[in-house]
2 protein chains.
Amino acid sequence: MELQEAKDRFIHTWGTLATQWGINRTMSQIHALLLLSPKSLNADEIMEELQISRGNVNMNLRDLMSWGLIYKQLLPGERKEYFQAEKDIWKAARQIGRERRRRELSPILETMEDIKKGVSDDSPESADFLKVVNDIYAVAGFADNTLDLVTKSEESWLTSTFVKLFK
Amino acid sequence: MELQEAKDRFIHTWGTLATQWGINRTMSQIHALLLLSPKSLNADEIMEELQISRGNVNMNLRDLMSWGLIYKQLLPGERKEYFQAEKDIWKAARQIGRERRRRELSPILETMEDIKKGVSDDSPESADFLKVVNDIYAVAGFADNTLDLVTKSEESWLTSTFVKLFK
DNA sequence: TTGAATTTTCAAAATATTCTGAAAGTTTTC
DNA sequence: GAAAACTTTCAGAATATTTTGAAAATTCAA
């Protein structure tokens with residue numbers, strides 16, 4: 001297999017995997033492309049490479065920046081904006097963890113707290129309901145703490161201490 | 001706030017949150033409904049409660065079963081099938097962890113292994129590419145191991161030992 | 001068996017998401 | 001300050017996903 005062929009396969013597969021877990025295919029493919037690119041790329045190059053429109057590229061680049069997975073780079077003597085992926089995969093993974101925590105876990109915690117406030121715990125039915133809400137709160141809180149911990153750790157610590165500790 | 005109102009809010013919110021992280025709204029709502037229901041429900045009751053079609057109910061019930069989050073119950077003297085949610089939220093969460101591991105992490109690990117096999121590591125360009133692939137493999141493997149560990153632990157251990165250990 | 005009760009399937013409709021491309025907006029250069 | 005270079009926006013088009021509901025399949029009691 002040619003290297004280019006393998007890269008294309010990587011980009012394509014990465015996009016397909018992403019859709020499986022609720023992430024936009026194009027966003028993943030742009031991310032994969034930038035991950036594999038030794039130099040940073042501008043919008044035109046990404047359009048050309050992935051055969052997609054300018055609007056699509058622009059939108060997904062901003063999305064990727066909001067996830068903290070790519071950076072904008074202004075090259076001296078160049079008018080165009082260039083983009084570069086965070087190449088440290090462990091760092092990128094921690095970033096994804098932080099964002100998912102913020103986007104997925106925080107809303108659950110907030111909602112459960114809100115709902116708890118609105119229910120008076122005097123009937124047995126209320127108690128049953130509150131038990132479910134409290135349990136979900138506890139599980140989400142556990143996940144939140146764990147993810148917080150992991151995203152604050154260094155790769156070296158994660159791969160050595162953590163894994164060994166639990167072997 | 002009436003208890004019923006709070007329950008409805010819970011069901012509705014749970015559905016909305018779910019769409020935010022790539023899960024079908026109706027599936028989440030059925031799950032929430034069953035979580036809150038003291039008795040198991042049949043398809044007609046779910047249709048009525050959530051105002052959705054029979055086909056939709058059937059499809060999502062099967063989906064929920066494939067996630068191991070609900071069980072089919074055959075009541076003596078009843079022709080209809082009844083459904084019950086796993087009420088132990090910690091158990092349900094571990095089940096979700098197991099499934100996500102299988103559905104999201106395993107495919108990454110397999111794909112990365114596959115891609116590695118197809119590239120000969122003799123050029124510097126290949127080496128760069130393989131580094132990315134290997135790093136992703138390592139991160140996914142770490143996530144896979146961690147999730148495996150957590151999903152095999154009991155609630156009591158998770159909430160006491162685990163959290164304290166890392167405080 | 002038969003047929004009534006129930007579940008499953010699936011093509012078409014409804015809805016939601018993503019993508020395009022041209023127009024509008026912004027920045028930089030001269 | 002005009003115009004060229006570039007980026008952003010967004011309405012409509014394309015695509016993908018979800019939902020419906022009626023028909024087909026299955027189950028079960030008699």
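Each chain gets a letter, A, B and so on, in the order its sequence line appears, and its residues count up from 1. Side chains are part of it too, since the values below use all heavy atoms of this structure and drop only hydrogens, waters and symmetry mates.
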Self-check item: Whole-Å distance separating the CE atom of A:M47 from the P atom of C:dG21
Solution: 9 Å
Exercise. Examine D:dT7: is either OP1 or OP2 under 4.0 Å from a nitrogen or oxygen in the side chain of A:N58? Give yes or no.
Key: no
Self-check item: Rounded distance (nearest 0.5 Å) linking atom OG1 of B:T111 with atom CG of A:L17
Solution: 5.0 Å
Quiz prompt | Atom pair CH2/CZ of A:W67 and A:R103 - distance to nearest 0.5 Å | solution = 4.5 Å
Exercise. Grab the CD-P distance between A:E48 and C:dT20 for me, whole Å please.
Key: 14 Å
Self-check item: Length of the CZ-P vector between A:R62 and D:dT8, whole Å
Solution: 6 Å
Quiz item: Using 4.0 Å as the upper bound for N to carboxylate O, is an ion pair formed by B:E45 and B:K80?
Solution: no
Self-check item: Close side-chain approach of B:L61 and B:L34, heavy atoms under 4.5 Å
Solution: yes
Quiz item: Does any residue of residues 33-43 of chain A have a heavy atom under 4.0 Å from DNA chain C, and if so, which ones, in number order?
Solution: none
Quiz item: Once each nucleotide of nucleotides 15-30 of chain D is scored for protein heavy atoms under 4.0 Å, what B/S/- sequence comes out, 5' to 3'?
Solution: ---SBBB-----BS--
Quiz item: Separation of A:L75 atom CG from C:dT28 atom P, in whole Å?
Solution: 14 Å
Quiz prompt | Whole-Å distance separating the CD atom of B:E81 from the C1' atom of C:dT8 | solution = 10 Å
Self-check item: CZ on A:F83 to OG on A:S37, rounded to 0.5 Å
Solution: 13.0 Å
Quiz item: A:D44 has an atom CG; how far is it from atom C1' of D:dC6, in whole Å?
Solution: 9 Å
Quiz item: Whole-Å distance between C:dT18 P and A:L50 CG?
Solution: 17 Å
Quiz item: For B:E104, which of B:R100, B:R101, B:R102 qualifies under salt bridge (Lys or Arg N to Asp or Glu O under 4.0 Å)?
Solution: B:R100
Quiz item: Rounded to whole angstrom units, what separation is found between the CD atom of B:Q20 and the C1' atom of C:dA16?
Solution: 14 Å
Quiz prompt | Residue list, side-chain contact (heavy atoms from CB on, under 4.5 Å) with B:K116, at least two apart or on another chain | solution = B:L130, B:V133, B:N134, B:Y137
Exercise. To the nearest 0.5 Å, tell me how far B:D63 CG sits from B:H31 NE2.
Key: 12.0 Å
Exercise. Considering only NZ, NE, NH1 and NH2 on the basic side and carboxylate oxygens on the acidic side, decide whether B:E49 and B:K7 come within less than 4.0 Å.
Key: no
